[in-house]
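Notes for the one structure printed next.
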Amino acid sequence: MRALAAALGITLGVWLAGLVAFAVPVPEPQLPAQVGERIADSGVAHPITAVLLNFRSYDTLLEVAVLLAALVAMLAAPPSDRAALSSRALRTERVLLSFARVLAPLTVLVSGYLLWAGSYQPGGAFQAGAVLAAGGVLLRLSGRLPALPLHAAWLRWLLAAGLAVFVAVALAGLA
């Protein structure tokens, strides 16, 4: 049964790859010209920042919702039981802790640079937030960042309010 499923998956993958490679026509790129025409309306100087902030706002809204869902899932993860860890797992945890001590300050520095540089070249708030979140995940996995109390009502309200404010700003922009 597994062999049949694997054969069907491979056949489907090869068929789709051939379809994309040979049957789908390559469209003429029109986006750079369209962005260039409307860059003055965007309020920013760099075309990539204009696209991310102004022309793809719903995409950005969905990214914020996905990050919120990831945060809730991360906060729901139970803390590790150090007493149940084997000696090999403890050695691995020490390596992770050393790794986190070196990389956590670098993630703050890189995310700050991406945020600053995003005003005039590729980069920006989402990329900076992604790098900063990766540093947070690394600190959380190494045990250096304590779990937030997900059962606390104020935290749930704060998370929901953040998404609600983002949606309200998006709807105000439509009006």
Side-chain angles (χ1 to χ4, degrees), residues 2 5-6 9 13 31 35 42-174:
R2 288 183 184 181
L31 185 60
V35 171
S42 71
V44 294
H46 197 273
I48 293 177
T49 305
V51 168
L52 290 174
L53 290 178
N54 297 298
F55 309 130
R56 293 185 60 198
S57 56
Y58 289 116
D59 181 48
T60 305
L61 174 65
L62 290 175
E63 288 169 351
V64 168
V66 166
L67 288 175
L68 176 66
L71 176 66
V72 169
M74 184 190 80
L75 294 175
S80 63
D81 183 15
R82 292 186 61 85
L85 293 176
S86 66
S87 62
R88 182 171 185 232
L90 285 174
R91 283 193 306 272
T92 304
E93 190 173 295
R94 283 192 293 262
V95 170
L96 181 61
L97 181 58
S98 300
F99 192 60
R101 285 182 179 153
V102 171
L103 283 184
L106 289 175
T107 60
V108 173
L109 183 67
V110 169
S111 65
Y113 171 75
L114 287 173
L115 184 62
W116 170 73
S119 61
Y120 63 89
Q121 65 183 11
F126 185 77
Q127 292 84 351
V131 171
L132 193 60
V137 168
L138 182 62
L139 288 173
R140 177 74 175 103
L141 289 174
S142 66
R144 300 295 295 168
L145 183 66
L148 293 174
L150 190 60
H151 61 278
W154 65 269
L155 180 62
R156 292 193 306 257
W157 280 104
L158 187 66
L159 292 172
L163 184 61
V165 166
F166 198 94
V167 169
V169 168
L171 292 176
L174 284 176

Do you know the tightest heavy-atom contact between Ala104 and Leu139?
->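 Scanning both residues, the minimum pair turns out to be CB-CD2, 3.7 Å.
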Ala100 versus Ser142, closest heavy-atom pair with distance |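 Minimum heavy-atom contact is CB-OG, 3.5 Å.
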Could I get the full list of side chain to side chain contact (heavy atoms under 4.5 Å, CB included) partners for [X], not counting sequence neighbours?
X: Val110; value: Leu114, Val131
X: Leu109; value: none
X: Leu158; value: Trp154
X: Arg101; value: Leu97, Arg144

Are side-chain heavy atoms of Leu138 and Thr107 found at a separation under 4.5 Å?
->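 Not in contact.
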